[in-house]
Structures are given as structure tokens and as C-alpha cells.
Participant: 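My questions all concern the structure below.
This is a predicted model, so every value here is computed, not measured. For reference, positions follow the sequence shown, starting with 1.
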Amino acid sequence: MSRDFLQSTSRLCSGGRLFPLVVGSLLLLHLFSFAHQRNGQSGETRLSAIQSTQFHILEKVEEENIQLPQPRKRSARAAKRKPKRPATFIDEFLDESSQLRNVFFPDQRTAVDPRKDYGNDTYYYHPGKIWLDTEGNPIQAHGGGILYNARTKMYYWYGEYKDGPTYHAHKKGAARVDVIGVSCYSSKDLWTWKNEGIVLAAEEKNEIHDLYKSNVLERPKVIYNDKTSKYVMWMHIDDSNYTKASVGVAISELPTGPFRYLYSKQPHGYDSRDMTLFKDEDGVAYLIYSSEHNKDLHISSLNEEYTDVTQSMRKILIGQHREAPTLFKHQGTYYMITSGCTSWSPNEALAHASESIMGPWETIGNPCMGGNKIFRLTTFFAQGTFVVPLSGLPGLFIFMADRWNPADLKDSRYVWLPLTVGRPLDRRPQNNFGIPLWSRLSIYWHKKWRLPYR
């Protein structure tokens with residue numbers, strides 16, 4: 001409160017008799033404002049302390065104790081004729097008749113249903129359990145990604161709609177489901193998802209179309225172009241023999257579609273399989289894809305419309321045979337998580353870091369923590385597909401992964417887990433004289449967990 005303001009107020013008060021009243025009122029108002037501000041700051045401090053405590057809970061290492069079942073009895077003659085190697089956890093995971101089946105794929109009775117009131121257990125994620133939408137149907141959004149609309153504060157989850165029979169195109173072919181299309185689900189809280197329908201549908205009759213039902217459509221990702229006001233979808237497009245190895249592009253005026261398919265191509269003349277998109281803070285977008293028969297990863301910037309690649313391309317992780325890339329940024333550093341190439345069989349995830357999106361990229365170790373050794377070596381029996389930044393929670397992300405069920409792909413499950421950035425590395429980078437330049441990525445196993453602001 002300035003002296004000039006008080007003097008001008010006193011002149012307005014006749015005879016100065018109202019001056020003490022005015023000054024007293026203004027002082028009370030000032031004190032109230034100060035107290036309100038202090039209370040607000042105190043409230044923010046308490047909220048920060050609560051979040052810090054809950055962060056600590058999420059970072060607690062949770063163990064998982066599962067045992068291999070006893071081997072099935074065989075006759076002495078059969079055992080002598082062909083000795084059987086001991087079964088592994090991965091064998092049990094892939095065996096639809098395994099006694100551990102319900103551990104990896106819990107049945108319908110344990111489904112997470114957002115229509116129910118779970119009391120204190122509401123908003124908990126249960127990795128591996130069936131997850132229902134607001135209509136009570138299992139969510140079908142595999143190999144997907146999340147788009148966040150900051151204006152409407154709405155999340156959109158796009159993925160492969162696989163609600164069809166699983167079959168093999170030929171004897172040695174991979175398990176597959178006919179293309180149905182790309183699904184979209186919307187949510188305000190990342191837990192309750194409304195089915196917005198198929199936003200890019202398969203082609204039922206035109207056999208030469210990229211989206212013909214017997215072809216392959218995988219890993220759709222959507223980003224928003226601020227200049228064109230268009231939603232742009234990229235996806236892996238292939239034929240039933242996985243020889244086309246291309247990317248496809250579609251656009252829409254609305255996040256809920258319908259998307260209009262544009263074309264497919266092999267970027268820069270190279271084969272492209274597992275892929276993802278990343279939009280940087282400056283609005284430049286990038287395509288990251290497995291190439292040269294999954295031997296390398298390639299990164300290319302997109303044009304201003306996000307509908308094609310530019311001439312700028314860099315090969316990274318050369319000869320490392322990594323796929324399923326998912327990329328995000330934290331405090332100026334780019335991080336990426338990749339999977340090994342073992343088809344539907346789960347394998348070890350690796351984290352990578354770089355000061356520039358075009359590289360060089362450094363491998364900084366397996367980010368998985370908790371569970372047990374086999375959980376960590378199989379990415380919790382899942383494969384990464386996307387990392388979701390959480391607004392207002394710096395350093396905390398959601399790691400999205402698919403637990404594929406090759407015996408029945410429509411029953412594949414979602415493994416969402418907390419990912420934090422900030423612990424020391426457990427593996428020294430190769431090219432910086434042993435001095436770690438980056439923080440460790442940590443993905444923590446939990447049978448159930450929820451976000452700190454719940």
C-alpha cells in the first residue's frame with residue numbers, strides 16, 4: 001500500500017473523520033489477502049508433500065513370487081526316447097493350457113469395471129487384468145498411444161481393434177487377426193474410458209487397398225498439427241507375409257475421426273515395421289521406426305503438415321535388433337524404451353538416452369524394477385507401446401505396454417505401470433568415459449497402483 005494512495009484517500013474523506021475507517025478496512029483487506037495467499041501456498045506445500053509421499057510409494061520395489069508348476073509325468077520309455085528340456089516361464093506364458101494361465105491372464109471375474117464403486121480401490125490400475133470401458137466391454141486399443149488435448153483436458157487412446165478370431169495365414173506365419181480398424185477411447189482421468197468407435201475402418205472389398213482386412217495394421221499413433229488444425233495418424237502397414245513393411249498416413253478434422261486414409265510408403269526407401277511418433281516442444285514431429293529387417297532404428301523429421309518425412313534421417317542403435325520404440329522427453333533429455341525382436345514372446349526392455357533426438361543414443365540399461373528376475377527380463381511379460389507424460393507431475397510418467405496373447409489376440413491385456421526419472425544409472429554408458437550423463441529410467445511393478453493426485 002503506497003503513501004500516495006493513503007494521502008489521496010485522506011483527501012477524499014471529509015474532515016479526515018473517515019480516514020481511520022478507510023485505512024483500517026484497507027489494512028484488513030491486505031491482511032486477508034496475505035493470509036489467503038499464505039494458506040494457498042500452504043495448501044500447495046501440503047499437496048506437494050502428499051504427492052512426494054505417494055511418489056515414494058510408487059517407487060517401492062514390489063516382489064512377485066510365482067513358481068513353475070511340477071512337470072507333467074511321462075513314461076520312462078518316452079523320456080528315454082526323447083528327453084524333455086525343463087519348461088521355462090516363457091514356455092508357460094505361451095502355453096494356453098498352462099497351470100499359470102490365470103496368473104498371466106486373470107479371468108473375467110477380476111475385470112476392472114469403471115462403472116462399479118470400488119470405494120478406496122477406485123482409480124487403481126491392475127496390470128494384466130481385463131479392463132472394461134464405460135459400456136462394460138473389454139477395451140480394444142492394442143499397440144496404441146495417447147493424445148492429450150490441453151484445451152479440453154481430454155485424453156484420447158488410439159489402438160488396434162482386435163475383436164476377431166486369431167488364426168495363422170500359413171503354417172509358419174505369425175498369429176494374427178483380420179484388420180478391423182483403429183479404435184479411439186476418450187477419458188478425463190486416464191482410468192474411465194468411453195468407446196468413441198472405429199475412427200479408421202478396414203476395407204472389406206477392395207483387395208488391393210492397404211487397409212484390406214487380410215493385411216496388417218499395427219501400432220497407430222496420432223499427433224495434432226497446430227498449423228493445419230488436423231489430427232494426423234501414422235501406422236505400420238503390411239501384407240499378410242510382412243513383406244510390404246511400410247508406414248501409412250491418415251488425417252482427420254476431429255480427434256474422434258473419421259480419419260481419411262492418404263497413402264503408404266517405405267520412408268527413404270527403407271522397410272519400416274514397428275514405429276512411433278514424437279512431437280517436440282518446438283512443434284517439429286518425428287517418425288521413429290525399425291528398419292533393415294529390424295537390425296537398426298531410423299529417425300526422421302516430418303514435414304510441416306506431418307504427412308510425410310523430410311530428407312533428414314539418421315540411423316541409430318545400429319545392429320542392435322530393437323523394435324517397439326517409445327520416445328519421450330524430460331528436462332531437455334530424450335529417452336527411449338525399446339524391445340528385443342522375439343515375435344509374440346516377451347523379452348527384456350532396454351532404455352536409451354540422448355541430448356539430441358537425432359543421436360547419438362546411448363543404451364543405459366533395463367528400466368524394469370520389482371516383480372522378480374523373470375519379470376524384469378520379460379518387461380513384466382509385456383511389450384512397450386507408449387509413454388504418457390503427466391501434466392503437473394514432473395518426473396512421473398505412465399509406461400503403457402501390451403501383454404500379448406498369441407493364442408487369442410483379442411484377449412491381449414494392458415500393463416500400465418509408473419515410470420520415474422531420477423535414480424542413478426545401473427549401467428555405465430559406453431561413450432562418455434564412464435561418467436553417467438543421464439538419470440535412470442525406472443518402471444516399477446505393482447499388482448495395483450494409482451496416480452498420486454487420486
Side-chain angles (χ1 to χ4, degrees), residues 44 47 51 112-115 122-125 131-161 181-201 219-235 249-262 276-286 302 304-307 326-330 385-400 414 416 418-419 450-454:
E44 290 176 1
L47 180 60
Q51 288 182 349
V112 179
D113 188 345
R115 301 170 302 170
T122 303
Y123 297 116
Y124 272 91
Y125 298 105
W131 195 354
L132 305 181
D133 62 22
T134 55
E135 297 174 352
N137 299 313
I139 295 173
Q140 288 287 340
H142 309 284
I146 301 286
L147 172 71
Y148 178 61
N149 186 320
R151 182 178 59 83
T152 62
K153 293 183 171 55
M154 185 71 76
Y155 293 91
Y156 296 94
W157 180 3
Y158 303 90
E160 305 162 34
Y161 194 87
V182 176
S183 58
C184 175
Y185 293 80
S186 62
S187 175
K188 285 280 190 180
D189 58 18
L190 287 169
W191 189 76
T192 305
W193 293 96
K194 175 187 175 184
N195 186 0
E196 300 287 353
I198 303 295
V199 295
L200 180 66
R219 296 188 170 266
K221 303 293 185 291
V222 176
I223 51 177
Y224 179 69
N225 191 304
D226 299 284
K227 294 181 180 178
T228 64
S229 300
K230 296 284 196 305
Y231 295 86
V232 186
M233 179 189 296
W234 285 64
M235 69 215 84
V249 184
I251 60 172
S252 174
E253 306 284 342
L254 299 171
T256 53
F259 281 78
R260 177 168 59 89
Y261 189 73
L262 300 181
T276 194
L277 295 178
F278 175 75
K279 180 180 176 182
D280 213 339
E281 297 157 338
D282 58 4
V284 178
Y286 298 85
L302 302 183
E304 290 191 354
E305 294 77 25
Y306 299 168
T307 55
T326 176
L327 194 149
F328 66 101
K329 189 176 184 181
H330 178 63
T385 183
F386 200 75
V387 171
V388 186
L390 296 169
S391 178
L393 296 173
L396 179 64
F397 303 81
I398 295 178
F399 174 68
M400 294 172 54
Y414 309 105
W416 286 26
L419 182 155
R450 64 179 175 182
L451 295 170
Y453 52 74
R454 294 302 177 198

Participant: Do E196 and S186 have side-chain N/O donor and acceptor atoms under 3.5 Å apart?
Facilitator: yes

Participant: Contact between Y148 and K153 at the side-chain level, heavy atoms closer than 4.5 Å - yes or no?
Facilitator: yes

Participant: Can you name the residues that form a side-chain hydrogen bond (donor to acceptor under 3.5 Å, both in side chains) with T256, not counting sequence neighbours?
Facilitator: none

Participant: Just jot down the side-chain hydrogen bond (donor to acceptor under 3.5 Å, both in side chains) partners of Y261, sequence neighbours excluded, or say none.
Facilitator: D210

Participant: So how far is it from L419 CG to I398 CD1, rounded to the nearest 0.5 Å?
Facilitator: 10.0 Å

Participant: Taking the side chain as every heavy atom from C-beta outward, state whether P114 and W191 have any pair of such atoms under 4.5 Å apart.
Facilitator: yes

Participant: Side-chain contact, heavy-atom cut-off 4.5 Å: L190 with Y125?
Facilitator: yes

Participant: Counting distance only, does the side-chain N/O of Y414 pair as donor-acceptor with the main-chain N or O of A141 below 3.5 Å?
Facilitator: yes

Participant: Taking the six-membered ring for Trp, are F397 and F328 parallel (under 30°), tilted (30 to 60°) or perpendicular (over 60°)?
Facilitator: tilted

Participant: Mind checking the CG-SG spacing from L147 to C184? Nearest 0.5 Å is all I need.
Facilitator: 8.5 Å

Participant: Is I251 close to E305 at the side-chain level, that is, under 4.5 Å between some pair of heavy atoms?
Facilitator: no

Participant: Please determine whether the number of non-hydrogen atoms from other residues, nucleotides or ligands lying under 6.0 Å from atom NZ of K194 exceeds 12.
Facilitator: no

Participant: Among L327, I146, L277, exactly one meets side chain to side chain contact (heavy atoms under 4.5 Å, CB included) together with F386. Which residue is that?
Facilitator: I146

Participant: Look at the rings of W193 and W416 and say which category their plane angle falls in: under 30° parallel, 30 to 60° tilted, over 60° perpendicular.
Facilitator: perpendicular

Participant: Is a side-chain donor or acceptor of K188 paired with a backbone partner of T152 at a separation under 3.5 angstrom?
Facilitator: yes

Participant: Apply side-chain contact (heavy atoms from CB on, under 4.5 Å) to T276 and list each qualifying residue two or more places apart in sequence or on a separate chain.
Facilitator: K221, I288, P325

